[in-house]
Amino acid sequence: MNEERSGRRIGFFGGSFDPPHMGHLAVARAARAGLGLDTILFTPVGAQPLKPGGATASFEDRAAMTRLAIAGEPGFELSLADAPKPSGAPNYTLDTLISLRAGLAPGGTLFCLMGADAFLGLKDWRGADRIPFVAPLIVASRPGQALEGLEAALPLGLSMESGGSGDAAGSDIEVRVSVLRNAAGDSTPFYLLPGLDVDVSASEIRRQVQAVLGSGQAGAALLPEAVAGYIRSHGLYQ
Ligand code: ATP
């Protein structure tokens, strides 16, 4: 991709991270390399509006595990921008992105990173049609999620025009670029990372926690070792 770049390029990566796993790391690595991002902000969510049952582990545990998962990885940072609100109100991604973008240094760009499953549910998010204009979306493919359906999943009022394909200089990560338009005629880029194929989910890890923790190399392919150690020592997901 040869777009003009000035200022820092920051990727917001929100999620339950309950627990953070190798799928999250793979998505963030691909986005960072494929789009030449300086920083990925791993942002555990306090209260996810569309998961009324909430997370299994506490916010403190999920933030601690996320810190361990990304330790030593260049450009990966833990953000507490979506920490639980004292009122207990849900955390809306649109509000978080607006406030993160307002805090960027001049010339900086904020992106919003998510997996294809999250994108397929985007139209139910508050202010869904505004989100890509606050922070262009980077959507990573995920096993079991057909990429052909993405256009149909766009929030109401948005349309997509296909663009080209490419990768950042020195990276072999494929990035497909399209353009999203709204009814007012505004446009914003939309990035797809079609090469991600990491069959790991937090819910499956929670369901099989004993097996995962006890399975040596197979477990290490699902979870960073430090996260596995934290789950063990804190007795999570039992
Ligand atoms: P759960 O199984 O509990 O729904 P999860 O594994 O999807 O959890 P989240 O913390 O909810 O994990 O996900 C945060 C973000 O990471 C979401 O945008 C999700 O789509 C993305 N993501 C998680 N795992 C993968 C994966 N294996 N491949 C691509 N994207 C992923």
Side-chain angles (χ1 to χ4, degrees), residues 11-35 37 40-59 61-70 73 76 78-79 81-83 90-94 96-97 111-125 128 131-132 135-147 149-150 153 173-176 190-209 212 219-224 227-228 231 236-237:
F12 165 86
F13 190 22
S16 300
F17 301 112
D18 188 19
H21 53 65
M22 291 309 195
H24 297 125
L25 295 181
V27 165
R29 286 176 187 139
R32 186 160 181 267
L35 282 112
L37 305 187
I40 305 277
L41 298 176
F42 283 71
T43 315
V45 63
Q48 221 267 47
L50 296 174
K51 278 190 188 168
T56 309
S58 69
F59 178 79
D61 282 333
R62 291 182 288 118
M65 289 189 284
T66 304
R67 196 189 299 281
L68 291 171
I70 63 178
E73 183 99 17
F76 286 8
L78 174 69
S79 166
D82 261 346
N91 302 80
Y92 291 106
T93 300
L94 175 66
T96 309
L97 291 172
F111 298 84
C112 179
L113 174 58
M114 65 183 72
D117 59 308
F119 179 79
L120 292 176
L122 177 69
K123 54 157 105 66
D124 296 329
W125 297 15
I131 289 174
L137 304 183
I138 306 173
V139 176
S141 53
R142 183 169 190 176
Q145 307 295 330
L147 295 183
L150 290 190
I173 307 291
E174 185 190 352
V175 182
R176 286 190 206 149
F190 173 88
Y191 302 95
L192 182 65
L193 302 170
L196 268 289
D197 185 23
V198 187
D199 197 5
V200 183
S201 75
S203 41
E204 195 55 33
I205 291 174
R206 292 195 301 273
R207 255 194 302 276
Q208 313 255 1
V209 72
V212 170
L222 303 177
L223 277 178
V227 174
I231 293 173
L236 300 182
Y237 313 125

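Just so you know, ligand 1 is whichever comes first in the structure, and atom 1 is the first atom listed for that ligand. Positions are given from 1, in the same order as the sequence printed here. Side chains included, hydrogens not; waters and symmetry mates left out as well; all remaining heavy atoms used. Because the structure is predicted, anything quoted here is derived from the model rather than measured.
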**Report entry** Pairwise distance CG(L236) to OG(S58) - rounded to 0.5 angstrom
**Finding:** 7.5 Å
Requested in this report: Would you give the length of the straight line joining atom CZ of F59 to atom CZ of F17, rounded to the nearest 0.5 angstrom?
Outcome: 10.5 Å
Query raised in the report: Has R67 got more than 12 heavy atoms of other residues, nucleotides or ligands less than 6.0 Å from its CZ?
Result: no
Query raised in the report: Yes or no on side chain to side chain donor-acceptor pair (under 3.5 Å) for D82 and T43, after CA distance, side-chain angles and deciding distance?
Result: CA-CA 6 Å; D82 261 346; T43 315; 5.9 Å; no
Query raised in the report: side-chain contact (heavy atoms from CB on, under 4.5 Å) with V139: which of L193, L192, L196, D117?
Result: L192
Report task. Determine the interplanar angle of the F42 and F76 rings, folded into 0 to 90°, and report it as parallel if under 30°, tilted if 30 to 60°, perpendicular if over 60°. Result -> tilted
Query - Under 4.0 Å from ligand 1, counting heavy atoms only: the protein residues, by chain and number - result: F13, G14, G15, S16, F17, H21, G23, H24, V27, K51, M114, G115, D117, A118, S141, R142, V198, V200, S201, A202, S203, R206
